[in-house]
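For reference, the structure discussed in these notes is given below.
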2 protein chains.
Amino acid sequence: MKPQRNTRQRQLVLQVVQAHHDHPSADQIYLDVRKIDEKISRGTVYRNLHQLSVNGDILHVRIPGVDRYDCRIDLHYHLLCTRCGAVSDLELPYDARLDEKIKEETGYEVERHRTIFEGICPECQ
Amino acid sequence: MKPQRNTRQRQLVLQVVQAHHDHPSADQIYLDVRKIDEKISRGTVYRNLHQLSVNGDILHVRIPGVDRYDCRIDLHYHLLCTRCGAVSDLELPYDARLDEKIKEETGYEVERHRTIFEGICPECQ
DNA sequence: ATGGGTGCAAAGTGTTTGCAAGTAT
DNA sequence: ATACTTGCAAACACTTTGCACCCAT
């Protein structure tokens, strides 16, 4: 892996993601970071979000429409309110046996699976 | 529900999706339909894909990057090769009890869940 | 005839990238 | 000093939309 620099901007992005517990989108993170450093650019935020998730410092959550980021880095499942867009973490334990099972059935080198529950949250009902 | 018209274009889009067993993207469908009707526009294809999936005639599969469409309309899980982008259906039965469980735990009106396994297919390994 | 559907092109949305200048190491 | 990173803006990829005309019902 290339040597990486711990720039002020990267620290800032990480810090903002970790301060959130609601799975912010890149743009929300950009706006938040922007409150602290009013010069930082969108490109930099996107680049750092990418870098940080590759490094395993944050988790990239693929939600339909917009990608979100999560400060929890263990594998876990998500719950999406299809009305208001809220995303939350689920306590349901990650089932690693499924990956093994699918690997045996298909010959794929299964790395992981992603599960998103979709529904309407209590507030939106 | 509004009355809907069964236009030549809509039939064509449905027909092309049903002829595929490899989860084509909107653009692949557009290109295919285009071979038959060289006047049809992208907008029309997108509009019809949307309409058809709302009607339940086809399934909208949200894959990172591009949305895909599936002629299988029962709930099932998918397997994505993160190298070549191939998507396939899995035989793993849909676990409806999970939806019930999450509903009880969270108070959400859980409608469904989507699971995508990610890995490297035998050819790409 | 009526109003849903079409083709076209323009506009959106979210993200990536080329480049010259800046800065962590 | 080196080369990773930044800010900026332009470019991208994918999708949606406004509009005038068309056609299934």
Could you work out, with side-chain contact (heavy atoms from CB on, under 4.5 Å) as the rule, every residue matching A/E100, not counting sequence neighbours?
A/K103, A/E104
Side chain to side chain donor-acceptor pair (under 3.5 Å) filter on A/N6, not counting sequence neighbours, yields none
Can you sort out the partners of A/D27 under side-chain contact (heavy atoms from CB on, under 4.5 Å), two or more places apart, ordered by chain and number?
A/S25, A/Y30, A/L31, A/R42
Near DNA chain D, under 4.0 Å by heavy atom, which residues of residues 21-31 of chain A?
none
Contacts of A/R8 that satisfy side chain to side chain donor-acceptor pair (under 3.5 Å) - sequence neighbours left out:
A/D37
Can you sort out the partners of A/H60 under side-chain contact (heavy atoms from CB on, under 4.5 Å), two or more places apart, ordered by chain and number?
A/S53, A/R62, A/D67, A/Y69
Please list residues of residues 9-20 of chain B whose heavy atoms come under 4.0 Å from any atom in DNA chain C, ordered by number; otherwise none.
B/Q9, B/R10
Restricting to side-chain contact (heavy atoms from CB on, under 4.5 Å), what partner residues turn up for B/S41, sequence neighbours left out?
B/T44
Does anything in residues 31-55 of chain B pair up under ring-ring contact (aromatic ring centres under 6.0 Å, His included), and if so which pairs, sequence neighbours excluded?
none
Identify which nucleotide among C/dT16, D/dC4, D/dG7 has an atom closest to any side-chain atom of A/Y46, counting heavy atoms from C-beta outward.
C/dT16
Residues which pass side chain to side chain donor-acceptor pair (under 3.5 Å) with B/T106, listed by chain and number, not counting sequence neighbours
none
The answer to which of B/T44 and A/D67 contacts DNA chain C further toward the 5' end, by nearest nucleotide, is B/T44
Can you give one letter per nucleotide of nucleotides 19-25 of chain C, 5' to 3': B if a protein heavy atom sits under 4.0 Å from the base, S if only from the sugar-phosphate, - if neither?
---BBBS
Sorted by chain and number, sequence neighbours left out, side chain to side chain donor-acceptor pair (under 3.5 Å) with A/E118 holds for B/R114
